[in-house]
Amino acid sequence: MLEVVLGELEPGGEARRHAHPGIEQVCFMLEGRARVECDGREEEIGPGDACFFPADKPHRFTVIGDRPVKVLVIYAPPYGEDRARVRLAEEAVS
């Protein structure tokens, strides 16, 4: 099973460095540009690009430029936007 969520972030918005224990994540960009960081790698992505965040790996997503971002966020298994299933960077498993 998986879960698909439409995410929208304004310019300057971000998902702080965090990890999802036992949950893999894919972000598929629809609009805008973002910088993604995971496992010591950093890259910019835009419309039509995707990135993968392995389970338990700390990652960060930051909007760049002056346009909002629309992104499909896919979780496996489903995450349910449950904050109890997120570890912030200082708690994250590396």
Side-chain angles (χ1 to χ4, degrees):
M1 293 186 69
L2 50 88
E3 171 185 16
V4 180
V5 176
L6 175 61
E8 297 185 40
L9 292 166
E10 294 298 319
E14 71 172 345
R16 292 179 15 204
R17 187 171 151 83
H18 66 285
H20 301 277
I23 301 170
E24 295 180 326
Q25 178 179 348
V26 172
C27 293
F28 181 82
M29 295 289 287
L30 301 172
E31 296 178 13
R33 297 199 60 77
R35 178 177 302 109
V36 294
E37 302 170 37
C38 184
D39 212 15
R41 294 183 55 206
E42 182 177 316
E43 64 183 89
E44 291 184 15
I45 60 174
D49 293 334
C51 65
F52 173 70
F53 300 130
D56 306 302
K57 290 290 184 178
H59 55 275
R60 182 177 178 176
F61 183 100
T62 307
V63 178
I64 55 176
D66 58 359
R67 296 186 57 215
V69 160
K70 286 189 181 178
V71 57
L72 289 179
V73 184
I74 303 149
Y75 299 104
Y79 160 52
E81 296 292 321
D82 180 355
R83 292 189 187 277
R85 297 180 74 189
V86 174
R87 293 186 187 204
L88 296 178
E90 55 274 5
E91 306 167 343
V93 178
S94 48

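Minimum heavy-atom separation, Asp56 to Pro21: OD1-CA, 3.0 Å. Minimum interatomic distance between Gly46 and Met29 (heavy atoms only, all atoms of both residues): O-CB, 3.1 Å. Considering all non-hydrogen atoms of both residues, Pro77 and Gly22 come closest at CD-O, 3.3 Å. When all heavy atoms of Cys38 and Pro54 are compared, the pair lying nearest together is SG-CD, 3.8 Å.
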Check the pair Arg60 / Thr62 against side chain to side chain contact (heavy atoms under 4.5 Å, CB included), numbers first and verdict last. CA-CA 7 Å; Arg60 182 177 178 176; Thr62 307; 3.4 Å; yes
Apply side chain to side chain contact (heavy atoms under 4.5 Å, CB included) to Arg33 and Arg67, showing your working. CA-CA 8 Å; Arg33 297 199 60 77; Arg67 296 186 57 215; over 6 Å; no
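Rounding to the nearest 0.5 Å gives a distance of 13.0 Å between OH of Tyr75 and CD of Glu24.
Not counting sequence neighbours, Asp49 has no partner by the salt bridge (Lys or Arg N to Asp or Glu O under 4.0 Å) test. Residues forming a side-chain contact (heavy atoms from CB on, under 4.5 Å) with Val63 (at least two apart in sequence, or on another chain): Leu9, Val69.
Checking Arg16, His18, Arg41, Glu37 one by one against His59, the side chain to side chain donor-acceptor pair (under 3.5 Å) holds for a single residue, His18.
Within the hydrophobic cluster formed by Ile, Leu, Val, Met, Phe, Trp and Tyr side chains joined at under 4.5 Å, directly or through other members, Phe52 is accompanied by Leu2, Val4, Leu6, Val26, Phe28, Leu30, Leu72, Ile74.
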